[in-house]
Structures are given as structure tokens and as C-alpha cells.
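Have a look at the structure below, then the notes.
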Amino acid sequence: MTIRVIIVDDQAMVRAGFAALLSAQADIDVVGEAPDGRAGVDVARSVHPDVVLMDVRMPEMDGLAAARAILDPPVGGMHVPKVLMLTTFDVDDYVYEALRAGASGFLLKDAPPADLISAVRVVAAGEALLAPSVTRRLIADFAARRPAPRRDPSLRLKALTPRETEVLELIARGLSNQEIASRLVVAEQTVKTHIGRVLAKLDLRDRAQAVIFAYESGLVRPGGV
């Protein structure tokens with residue numbers, strides 16, 4: 001199946017470079033581009049992409065506002081693509097807020113071409129792009145500095161079994177499914193089953209929101225081992 005992608009970035013050269021790179025892949029089709037967040041929302045609603053590559057800082061409407069609009073469509077809007085944030089900074093308030101809004105992860109603009117291609121495929125497959133250590137550092141940093149939400153998320157942890165809680169903690173520490181399976185000495189499919197139950201019980205959209213929940217609930221402490 002071909003992955004339909006749009007690129008939203010205020011730099012024409014960046015859009016052209018990413019488009020050329022991704023279009024060269026047999027399983028990826030760039031179906032639209034936009035120079036700012038507002039236009040990006042319009043394009044996304046028009047061409048129904050699978051993945052939106054969204055720059056963080058843009059005129060008219062920044063990437064955060066655009067991501068929120070795309071991920072929370074008007075009533076009756078059924079198609080919700082995955083959003084992958086692009087940034088030139090390894091720590092950025094906007095990226096953290098975008099993850100909370102439902103973005104599937106973020107990637108540095110200067111990442112190797114192979115990483116960009118892989119990121120699009122990972123996000124399109126429904127996974128969150130959380131492997132890079134910079135992402136874990138970003139989430140830990142902002143979870144440590146921001147006040148806790150009014151509704152105590154730690155109460156929701158009680159819905160999880162001990163093993164599900166353990167899996168959630170390992171997700172938050174940046175381990176892949178394969179690494180979690182190895183750590184717990186179980187099959188990788190078993191790990192996927194546990195993750196599915198964790199997301200369902202906590203009413204979380206994906207792995208990215210699971211990581212943030214783990215920090216905000218106090219299950220994982222920034223800098224903890």
C-alpha cells in the first residue's frame with residue numbers, strides 16, 4: 001500500500017528536498033505541499049494524506065495549531081492522518097505540546113535521509129517515533145518543569161495490571177517492543193497485546209501519549225533509572 005504524504009514547511013527548498021527524497025521511494029507518494037500551517041490544514045483536509053510532515057515554526061499558523069486542527073477535525077470529518085513534527089531544535093515547547101495534542105512524534109530536520117524515510121513508514125504503520133534519545137530527553141524535561149494537570153492521572157494507573165504497568169514504564173523509558181520482550185522474557189506479540197490493553201484502558205491514542213502519561217502520572221521520574 002502506498003503511503004500518501006504532505007509536507008508543510010515555510011522553506012521552499014526544504015519542501016522540495018523532502019519531496020524529492022520521499023517520492024523516490026516506491027511505497028511513498030507526496031500528494032501535497034503547503035508553505036504555512038493554515039494552508040497545511042486546508043491541504044490535509046483536501047487530499048486526505050496518511051502522514052503529514054509538519055514544521056514547528058511557521059507564519060500564519062504555527063505547526064502546533066495546525067497539528068491540533070488536523071488531529072481534531074470538524075464534526076463529520078472522518079479522516080485523521082498521522083502527524084510527524086519537524087524541528088531544527090532538539091528541545092522545543094511546541095514539540096511537547098504537539099505530542100500531547102496527538103502528534104505521533106518528531107524528527108530533527110538535519111536527520112539522515114534514511115531516518116526521514118523510516119520515520120514516515122513507522123508513523124504510517126501506527127507506531128510513534130520515540131526511539132531517539134533526544135525525544136526521551138525532551139519529554140522528560142518538560143514533564144519535570146510543567147505543573148501536573150488538574151485531574152490526577154496517577155489514579156488511572158490503578159486500572160492496569162502489574163505487568164501492564166511494567167510495560168508502560170518500559171515504553172516511557174524508550175524501549176522498543178523487541179527490547180521490552182527481551183527484558184520481560186516474553187514474545188514480542190505478547191508485548192504488543194499488553195500495549196494495546198494499556199492504550200485502551202487509559203484511553204490513549206498511541207505510544208507517544210503513553211510516554212507522556214507515564215511521566216505526568218509519576219510512574220516514571222525524569223532522570224530516573
Side-chain angles (χ1 to χ4, degrees), residues 1 3 27 50-52 54 67-68 70-72 78-85 95-107 115 117-144 146 148-149 151-225:
M1 184 182 74
I3 302 169
D27 60 336
D50 300 304
V51 177
V52 178
M54 179 74 73
R68 282 177 172 155
I70 290 172
L71 293 166
D72 187 19
M78 298 299 293
H79 181 78
V80 180
K82 305 293 184 182
V83 175
L84 178 61
M85 305 301 296
V95 176
Y96 176 80
E97 294 297 345
L99 290 175
R100 293 193 67 183
S104 295
F106 87 101
L107 189 71
D115 286 2
I117 296 168
S118 174
V120 168
R121 290 171 176 155
V122 166
V123 169
E127 294 291 332
L129 193 69
L130 292 169
S133 60
V134 63
T135 306
R136 298 196 297 272
R137 195 167 67 243
L138 172 130
I139 295 174
D141 178 59
F142 283 99
R146 292 172 182 271
R151 189 174 62 176
D152 186 359
S154 64
L155 297 177
R156 292 162 62 190
L157 284 173
K158 295 180 179 179
L160 304 181
T161 66
R163 178 45 62 92
E164 289 166 354
T165 302
E166 190 174 12
V167 168
L168 175 59
E169 179 179 353
L170 294 176
I171 290 173
R173 297 200 184 285
L175 275 67
S176 66
N177 288 358
Q178 185 176 10
E179 290 169 335
I180 294 173
S182 178
R183 177 78 65 89
L184 301 181
V185 194
V186 297
E188 191 170 343
Q189 184 58 47
T190 300
V191 172
K192 292 180 180 179
T193 298
H194 285 312
I195 292 174
R197 289 173 179 165
V198 168
L199 297 180
K201 287 183 178 181
L202 298 179
D203 193 25
L204 301 173
R205 189 177 320 201
D206 59 21
R207 209 179 179 101
Q209 290 195 335
V211 172
I212 292 171
F213 177 89
Y215 278 102
E216 292 187 336
S217 67
L219 176 64
V220 176
R221 300 292 182 183
V225 182

statement: Ala214 and Ala172 have their tightest heavy-atom pair at CB-CB, 3.5 Å
task: Start with the C-alpha distance between Thr190 and Arg163, add both sets of side-chain angles, then the distance that settles side chain to side chain contact (heavy atoms under 4.5 Å, CB included), and finish with yes or no.
output: CA-CA 11 Å; Thr190 300; Arg163 178 45 62 92; over 6 Å; no
- prompt: With side chains defined as the heavy atoms from C-beta onward, is the minimum distance between Arg183 and Val191 less than 4.5 Å?
  reply: no
message: Do Leu160 and Val167 have side chains that approach each other closer than 4.5 Å (heavy atoms only, starting at C-beta)?
response: no
task: Check whether any side-chain heavy atom of His194 sits under 4.5 Å from a side-chain heavy atom of Val186, and report yes or no.
output: no
- request: Write out all pairs satisfying salt bridge (charged side-chain N to carboxylate O under 4.0 Å, His left out) with one or both partners inside residues 185-202, taking only residues at least two apart or from two chains.
  value: Glu164-Lys201
task: Please round to the nearest 0.5 Å and tell me the distance separating atom CG of Asp50 and atom CZ of Arg121.
output: 13.5 Å
query: Charged N to carboxylate O below 4.0 Å: is that the case for Glu169 and Arg173?
result: yes
Atom of Met54, atom of Ala67 and distance for their closest heavy-atom approach: CE-N, 4.1 Å
- prompt: Are Leu157 and Leu168 side-chain neighbours, meaning at least one heavy-atom pair lies under 4.5 Å?
  reply: yes
message: Rounded at 0.5 Å granularity, tell me how far CG in Asp27 sits from CD1 in Ile3.
response: 5.0 Å
statement: Taking every heavy atom of Leu204 against every heavy atom of Ala210, the minimum-distance pair comes out as CD1-CA, 3.6 Å
- prompt: Any side-chain heavy-atom pair from Leu170 and Leu184 closer than 4.5 angstrom?
  reply: yes
message: side chain to side chain contact (heavy atoms under 4.5 Å, CB included) for Leu84 and Val122? Distances and angles first, verdict last.
response: CA-CA 10 Å; Leu84 178 61; Val122 166; over 6 Å; no
task: Decide yes or no for Leu219 and Phe213: does some side-chain heavy atom of the first lie under 4.5 Å from some side-chain heavy atom of the second?
output: no
- prompt: Could you state the interatomic distance from CD1 (Ile171) to OG (Ser176), rounded to the nearest 0.5 Å?
  reply: 10.5 Å
- line: Smallest heavy-atom separation, Leu71 atom then Ala103 atom, equals CD1-N, 3.5 Å
